[in-house]
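Below is one structure, written out as structure tokens; the observations come after it.
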Amino acid sequence: MSNANIEEIVRQVLASMNGAPVASAAAPASNGAIPATAKVAMLTGLEKVEIKEFPMPEVGDDDMLVKVEGCGICGTDAHEYKRDPFGLIPVALGHEGTGEIVKMGKNVKVDSAGKPVKVGDKIVTCMIFKDNPAITMFDLNKQNVGGADVYGLLPDDDVHLNGWFADYILIRGKLGSTFFNVSDLDLESRILIEPCAVLIHAVERAKTTGILKFNSKVVVQGCGPIGLICISVLRTMGIENIVAVDGNAQRLAFAKKMGATKSVNFMEHKGIEALAKAVEDACGDTLADFAFQCTGSPVAHANIYKFIRNGGGLCELGFFINGGDATINPHFDICSKEITTVGSWVYTLRDYVTTFDFLKRAQAIGLPMKDLITHKFPLEQINEAYVTNIKQEGLKIAIINK
């Protein structure tokens with residue numbers, strides 16, 4: 001036994017004799033011992049995030065304490081920051097996070113896929129399934145994940161470490177938490193897992209129509225992070241005829257780096273008929289076999305039917321929250337064209353596992369996935385990060401801890 005170990009044992013014995021609480025044995029974080037308090041970026045009002053400091057919570061037998069390394073800002077975070085549509089304020093946001101296990105309960109042995117975990121491993125979290133018997137971890141045929149929760153969108157409680165916009169987060173097993181060991185992925189890839197899982201799920205939903213094929217001509221409308229990832233997923237599947245539609249020239253240029261073969265800037269076309277003709281030309285004088293609608297714009301949803309051929313398919317995934325009503329003509333847009341439409345919302349645990357392989361495949365074929373993260377801010381500058389996200393000055397904005 002080393003002198004350091006003996007000194008630590010003596011210290012704990014003396015502390016217990018003096019009536020002081022004795023900390024349970026835990027491996028330190030990679031850059032030092034576990035501190036007594038944790039910092040949390042708490043949304044305390046509309047467009048107001050404050051850095052709060054809370055006592056480090058107890059780690060139960062089914063829990064894990066994770067030192068946060070980074071977390072992306074999602075469009076959902078921006079909606080909550082501006083409008084609090086879920087009524088969660090005060091709340092610790094951040095659900096695209098990842099970090100290192102620094103302490104774990106005795107009952108934590110494997111992740112949600114059965115992979116062993118230990119202190120020092122890197123993890124991401126997925127859904128919190130609670131006790132809803134209609135939702136099982138790998139079979140969501142009974143209903144989608146609308147009844148599940150995620151860390152980063154939980155009501156505040158006496159723990160407070162409920163979101164990834166913090167320097168530590170407590171993962172609680174008895175809540176029905178799910179998580180994965182992703183130690184074989186680098187930090188940027190781990191931050192992108194959650195948004196990429198959204199698109200893995202959307203493409204899997206699209207495949208259920210039987211229309212999306214290897215040689216399909218596909219339109220992706222909306223080239224924010226979600227649309228760009230959609231293009232990359234399609235490209236890793238071997239689909240080569242991809243037309244990107246957006247009003248931002250820089251995003252359209254990046255879409256081609258991600259695998260789009262053609263692009264259409266809707267700012268250059270006046271009216272839906274002209275825009276539809278431009279998309280048709282980009283597809284090779286024919287309308288698309290399949291389309292993905294990746295914006296939260298009702299007008300964009302109404303327009304996209306005009307880009308799809310008779311008998312084609314559509315996956316709508318742009319509306320995570322209520323974005324308003326869209327005006328369509330059911331006869332011309334759906335019935336007479338016999339369009340097959342699927343909706344997509346969030347993801348499943350199985351989609352997460354698929355996402356790990358997707359990220360490795362995307363890197364192997366040279367897609368610049370990591371370049372999606374255009375801005376990195378420390379936790380203390382999270383308000384600036386939100387403003388950058390809302391102004392759409394970059395693509396994926398991330399909080400990276402020191």
Side-chain angles (χ1 to χ4, degrees), residues 4-5 8-9 11-16 18-42 51-71 90-131 137 148-183 190 379 399 401-402:
N5 289 337
E8 175 61 16
I9 293 171
R11 185 194 67 79
Q12 293 195 25
V13 171
L14 291 175
S16 64
N18 292 328
V22 179
S24 59
S30 57
N31 64 343
I34 298 171
T37 61
K39 294 178 181 179
V40 175
M42 188 73 68
I51 304 299
K52 301 281 190 177
E53 198 158 348
F54 299 104
M56 197 67 74
E58 290 294 322
V59 179
D61 291 344
D62 302 295
D63 304 337
M64 293 184 298
L65 183 65
V66 176
K67 182 175 175 58
V68 179
E69 295 179 303
C71 182
V91 61
L93 296 174
H95 56 272
E96 297 180 354
T98 183
E100 177 182 321
I101 302 172
V102 294
K103 188 176 182 180
M104 54 198 294
K106 65 180 182 180
N107 296 334
V108 183
K109 305 295 184 184
V110 297
D111 70 3
S112 297
K115 185 176 181 179
V117 290
K118 63 184 184 305
V119 168
D121 282 338
K122 315 293 187 177
I123 70 157
V124 292
T125 49
C126 192
M127 292 293 175
I128 300 172
F129 287 94
K130 294 184 175 178
D131 57 356
M137 293 200 302
D149 288 324
V150 295
Y151 286 98
L153 289 172
L154 292 177
D156 191 31
D157 57 17
D158 58 349
V159 173
H160 305 298
L161 278 61
N162 298 324
W164 285 95
F165 291 148
D167 56 6
Y168 287 86
I169 185 171
L170 183 68
I171 308 304
R172 284 164 279 177
K174 289 186 177 180
L175 283 184
S177 304
T178 60
F179 71 97
F180 294 96
N181 184 345
V182 286
S183 299
R190 287 184 272 131
L379 187 65
I399 301 298
N401 286 344
K402 299 174 184 177

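Source: prediction; values computed, not measured.
Summarising the geometry of Val150 relative to Cys126, their closest heavy-atom pair is CG1-O, 4.1 Å, with the distance given to 0.1 Å. Taking every heavy atom of both residues into account, Gly173 and Asp63 meet most closely at N-OD1, 3.3 Å. Shortest non-hydrogen contact noted between Cys71 and Gly97 is SG-N, 3.5 Å. Closest of all the heavy-atom pairs between Met56 and Pro35 is CE-O, 3.4 Å. Listed here is the closest heavy atom pair of Val102 and Tyr168: CG2-CE2, 4.0 Å.
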Could you please spell out the steps behind the side chain to side chain contact (heavy atoms under 4.5 Å, CB included) verdict for Leu153 and Leu93? CA-CA 6 Å; Leu153 289 172; Leu93 296 174; 4.0 Å; yes
Could you check Val66 against Trp164 for side chain to side chain contact (heavy atoms under 4.5 Å, CB included), going step by step and ending with a plain yes or no? CA-CA 10 Å; Val66 176; Trp164 285 95; 4.0 Å; yes
After noting the C-alpha distance and the side-chain angles of Glu53 and Thr37, does the key distance pass the side chain to side chain contact (heavy atoms under 4.5 Å, CB included) rule? CA-CA 6 Å; Glu53 198 158 348; Thr37 61; 2.5 Å; yes
Check the pair Val119 / Lys103 against side chain to side chain contact (heavy atoms under 4.5 Å, CB included), numbers first and verdict last. CA-CA 6 Å; Val119 168; Lys103 188 176 182 180; 5.7 Å; no
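Of the inter-residue distances, the one linking Leu154 atom CG with Leu161 atom CG reads 12.0 Å to the nearest 0.5 angstrom. Note that NE2 of His95 and CG of Asn162 are 15.0 Å apart. Values are rounded to the nearest 0.5 Å. Note that CG of Asp111 and OG of Ser177 are 13.0 Å apart. Values are rounded to the nearest 0.5 Å. In this structure, CE on Met64 lies 4.0 Å from CZ on Phe179, to the nearest 0.5 angstrom.
Within the 4.5 Å cutoff, side-chain heavy atoms of Val117 are placed close to those of Ile101. A heavy-atom distance below 4.5 Å is found between the side chains of Asn401 and Leu379.
For the pair Ser112 (side chain) and Phe180 (backbone), a donor-acceptor distance under 3.5 Å is absent. Judged by distance alone, the side chain of Thr98 and the main-chain N or O of Ile123 form a donor-acceptor pair under 3.5 Å. Judged purely by atom type and a 3.5 angstrom limit, Asp62 has no side-chain atom pairing as donor or acceptor with the backbone of Asn107. No donor-acceptor pair closer than 3.5 Å links the side chain of Asp156 to the backbone N or O of Ala92. Using a distance-only test at 3.5 Å, with no hydrogens or angles considered, a donor-acceptor pair links the side chain of Asn181 to the main chain of Pro116.
When each of Ile169, Asp167, Ile399 is paired with Val68, the side-chain contact (heavy atoms from CB on, under 4.5 Å) condition holds for Ile169 and for no other.
With sequence neighbours excluded, the residues forming a ring pair (Phe, Tyr, Trp, His ring centres under 6.0 Å) with Phe54 are His160, listed by chain and number.
Other residues, nucleotides and ligands place more than 12 heavy atoms under 6.0 Å from the NZ atom of Lys115.
Salt-bridge annotation for Glu100 and Lys122: present, with a side-chain N of the basic residue lying under 4.0 Å from a carboxylate O of the acidic one. Between Asp157 and Arg172, at least one side-chain nitrogen of the basic residue sits less than 4.0 Å from a carboxylate oxygen of the acidic one, meeting the salt-bridge criterion.
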